[in-house]
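These notes are about the structure you will find just below.
Model, not experiment: these values are computed from the prediction.
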Amino acid sequence: MLRNLVRAIKFPRNIRIVPAHKRCKRRPTMKQRQRIWHRDGCRCTICRNPLRFQKMELDHIQPRVLGGRTNDKNLRSVCNPCHKLLTSE
């Protein structure tokens with residue numbers, strides 16, 4: 001039962017409400033990060049500047065909130081300034 005300040009809502013027992021931060025735990029592994037970095041030619045895919053592995057950030061091409069998955073096809077390597085520009089849009 002989910003209690004609200006106004007009323008209580010009854011749910012069937014087989015339905016669980018899971019917070020969003022617990023649903024999206026998938027993080028890229030170190031091997032996956034290395035594969036994407038090599039695939040992209042050790043460069044930022046936006047500005048094409050050389051990119052050190054330690055400074056690389058991964059960007060989802062299709063955002064996770066729109067159903068994008070955390071797999072090699074949906075990830076690209078970007079530098080920090082480009083990633084800030086992309087996420088601010």
Side-chain angles (χ1 to χ4, degrees):
M1 182 177 294
L2 180 63
R3 293 191 186 269
N4 186 328
L5 292 177
V6 180
R7 64 177 185 232
I9 303 169
K10 291 186 178 183
F11 283 100
R13 292 190 186 277
N14 61 349
I15 294 178
R16 286 187 354 193
I17 298 174
V18 181
H21 70 277
K22 290 189 178 182
R23 277 185 266 142
C24 304
K25 282 189 173 181
R26 178 84 165 90
R27 296 189 69 122
T29 64
M30 189 61 68
K31 285 185 179 184
Q32 190 176 17
R33 291 175 62 86
Q34 288 174 340
R35 273 197 315 268
I36 293 165
W37 183 62
H38 284 294
R39 179 198 70 195
D40 295 340
C42 308
R43 294 181 174 274
C44 172
T45 55
I46 307 298
C47 64
R48 302 303 300 160
N49 286 333
L51 187 60
R52 289 185 22 219
F53 181 73
Q54 293 81 7
K55 299 286 184 178
M56 176 190 73
E57 296 187 19
L58 290 178
D59 178 52
H60 286 82
I61 298 167
Q62 181 181 7
R64 288 184 353 186
V65 296
L66 297 177
R69 307 199 71 177
T70 304
N71 57 24
D72 290 5
K73 291 181 182 178
N74 193 40
L75 292 171
R76 61 181 169 184
S77 57
V78 293
C79 62
N80 188 290
C82 290
H83 196 232
K84 283 183 180 178
L85 286 173
L86 290 170
T87 55
S88 67
E89 293 177 355

Pairs satisfying side chain to side chain donor-acceptor pair (under 3.5 Å), at least one member in residues 43-52, at least two apart: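 Sorted pair list comes back empty.
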List for me each residue that meets side chain to side chain contact (heavy atoms under 4.5 Å, CB included) alongside His38, sequence neighbours excluded, and say none if there are none.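 With neighbours one apart ignored, the set is Cys42.
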With sequence neighbours excluded, tell me which residues meet side chain to side chain contact (heavy atoms under 4.5 Å, CB included) with Pro28.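 So Pro28 forms a side chain to side chain contact (heavy atoms under 4.5 Å, CB included) with Gln32, Arg33, Leu58, Thr70, Leu75.
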Residue pairs fulfilling ring pair (Phe, Tyr, Trp, His ring centres under 6.0 Å) with at least one residue in residues 39-84, sequence neighbours excluded: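 Every pair satisfying ring pair (Phe, Tyr, Trp, His ring centres under 6.0 Å) with a residue in residues 39-84: Trp37-Phe53.
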Share the residues that join Ile61 in a hydrophobic cluster, the rule being Ile, Leu, Val, Met, Phe, Trp or Tyr side chains under 4.5 Å apart at the heavy-atom level.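 Besides Ile61, the cluster holds no residue at all.
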What do the steps show when you test Cys79 against Cys47 for side-chain contact (heavy atoms from CB on, under 4.5 Å), and what is the final call? CA-CA 8 Å; Cys79 62; Cys47 64; 3.8 Å; yes
Give me each pair satisfying salt bridge (charged side-chain N to carboxylate O under 4.0 Å, His left out) with a member in residues 67-82, each pair once, sequence neighbours excluded.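 Those involving residues 67-82 are Arg35-Asp72, Asp59-Arg76.
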When rounded to the nearest 0.5 angstrom, what distance separates CG in Leu86 from OG in Ser88?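 If I round to the nearest 0.5 Å, the distance is 8.0 Å.
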Starting from Val78, can I reach Ile36 by hopping between I/L/V/M/F/W/Y residues whose side chains sit under 4.5 Å apart?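 Each belongs to a different hydrophobic cluster.
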